[in-house]
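Take a look at the structure below.
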Amino acid sequence: MIRYLIKNNFKIMMRSGVNILLYIVCPVLVSAVLISAFSSLMENYKPDEDFMAEFGAIETNFADSINEDQAKDNDQTNGMTNSFNIAAINIEHPYFVPAIDSTDYYGIIEVVYFGWCAIVCISGLLSSEKKNRINDKLYVSNLSVTQIYLARLIPLSITCALGVSIAAVIGMVFMGVHWGNLLLSAIVVILMIFAASAFEMMLYEITNSMLVTIIVSFAIVWIWGFFGGSFETYMFSPHSMTLKNIDPVYHGNRALVELSCMGHSDYVLSSVIYSVIMIVVCSLIAIFAGNVRRRKGA
């Protein structure tokens with residue numbers, strides 16, 4: 001039964017072409033605008049092949065047997081000897097974090113940001129179910145609240161992932177966006193989409209209103225994006241690292257950007273952990289809220 005429900009919900013969401021189109025067109029258009037606007041600001045920094053650092057040292061020796069008064073009179077014969085030495089150090093190819101240009105940065109970041117707005121994909125389905133009182137029929141069926149929740153979460157996440165994947169491919173082909181390690185990048189993005197879907201489904205189960213869910217979720221995602229680098233690059237952002245480190249969008253953005261410019265990132269693990277925790281916690285809260293509503297006969 002749950003297989004049929006998942007398949008049916010997936011088909012209904014795929015028929016809503018406008019919603020899917022938003023996840024393809026919007027990331028591409030927004031990325032193109034931001035790439036054009038910030039291309040000069042984020043030009044690749046190319047360091048010199050090598051550089052020289054010079055330092056000076058003063059060496060001072062005093063004769064132990066001559067006191068201060070005698071030193072004034074006899075400084076040329078028995079006094080102090082001063083020498084100034086210059087040493088040079090040549091350093092070739094110093095380590096630095098490679099810069100990332102606006103094409104790669106915004107071509108990645110905006111795809112992620114729209115992935116966090118996953119609830120749009122299922123808005124038509126949930127509104128239709130509420131209008132036709134499908135929820136009442138589902139609650140009196142043999143399906144558990146967990147099965148009903150998964151039958152919405154899985155197709156929602158797949159549909160959203162499909163849309164942003166197409167947008168990412170368009171960015172790679174037509175704008176030259178470089179994602180770096182594709183396997184790790186795909187894992188980070190997909191888990192974030194599932195986390196976003198679980199978070200927004202939790203809000204829907206709590207509020208039982210699509211309008212309220214969209215307003216609240218979009219406001220929260222905007223705040224996360226603001227501190228996480230979706231609008232202003234996190235490299236130039238003056239925000240506190242404490243705020244950034246508690247922001248799931250920041251961890252995902254930084255992991256993907258570093259995978260693009262370096263091929264590896266210490267933030268991949270933290271992004272995965274954040275996403276998994278959100279999926280589990282939000283799903284448990286959503287299922288609990290669904291059980292409460294079922295017991296009340298909603």
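The basis for the numbers below is simple: all heavy atoms, side chains too, and nothing from hydrogens, waters or symmetry mates. No experiment lies behind these values; they were computed from the predicted model shown.
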Quick check against the 3.5 Å criterion: does [X] have a side-chain atom that pairs as donor or acceptor with the backbone of [Y]?
| X | Y | value |
| --- | --- | --- |
| S128 | G124 | no |
| S275 | V272 | no |
| S185 | L182 | no |
| N8 | Y4 | no |
| K130 | N208 | yes |

Any side-chain heavy-atom pair of [X] and [Y] under 4.5 Å:
| X | Y | value |
| --- | --- | --- |
| V188 | H251 | no |
| I109 | V111 | no |
| I35 | E110 | no |
| L153 | S283 | yes |
| M13 | I122 | yes |
| L284 | V280 | yes |
| I108 | S260 | yes |
| R152 | M201 | yes |

task: Give the C-alpha distance, both sets of side-chain angles, the deciding distance and a yes or no for side chain to side chain contact (heavy atoms under 4.5 Å, CB included) between E129 and L125.
output: CA-CA 6 Å; E129 286 183 351; L125 172 64; 3.8 Å; yes
Spacing of [X] atom [atom1] and [Y] atom [atom2] [to the nearest 0.5 Å]:
| X | Y | atom1 | atom2 | result |
| --- | --- | --- | --- | --- |
| F227 | D247 | CZ | CG | 8.5 Å |
| M172 | D104 | CE | CG | 10.5 Å |
| L184 | L259 | CG | CG | 5.5 Å |
| Q147 | I287 | CD | CD1 | 10.5 Å |
| S144 | N291 | OG | CG | 8.0 Å |
| Y106 | D101 | OH | CG | 11.5 Å |

Please tell me whether [X] and [Y] are part of a single hydrophobic cluster in this structure, the criterion being side-chain heavy atoms less than 4.5 Å apart.
| X | Y | answer |
| --- | --- | --- |
| Y149 | I277 | yes |
| F226 | V33 | no |
| M210 | I220 | yes |
| F194 | L183 | yes |
| I170 | V25 | no |

message: Angle between ring planes, F199 versus W224, binned at 30° and 60°: parallel, tilted or perpendicular?
response: tilted
field: Evaluation steps, side chain to side chain contact (heavy atoms under 4.5 Å, CB included), between T213 and I215
entry: CA-CA 6 Å; T213 298; I215 293 174; over 6 Å; no
Where [X] and [Y] come nearest, the two heavy atoms and their spacing:
| X | Y | answer |
| --- | --- | --- |
| F10 | I158 | CE1-CG2, 3.7 Å |
| I246 | Y274 | CA-OH, 3.4 Å |
| A161 | I193 | CA-CD1, 3.6 Å |
| N253 | S230 | ND2-OG, 3.7 Å |
| L203 | S217 | CD1-CB, 3.7 Å |
| G252 | S271 | CA-OG, 3.4 Å |

field: Residues T233 and Y105: side-chain donor-acceptor under 3.5 angstrom
entry: no
- prompt: Does the side chain of E258 come under 3.5 Å of the side chain of S265 through a donor N or O and an acceptor N or O?
  reply: yes
Between [X] and [Y], does the ring centre distance come in under 6.0 Å?
| X | Y | value |
| --- | --- | --- |
| F231 | Y113 | yes |
| F218 | W222 | no |
| H239 | Y234 | no |

query: Passes side chain to side chain contact (heavy atoms under 4.5 Å, CB included), L5 versus L143? Steps please.
result: CA-CA 10 Å; L5 195 55; L143 291 172; 3.7 Å; yes
Test side chain to side chain contact (heavy atoms under 4.5 Å, CB included) applied to V221 and V249, step by step: CA-CA 8 Å; V221 170; V249 175; 5.5 Å; no
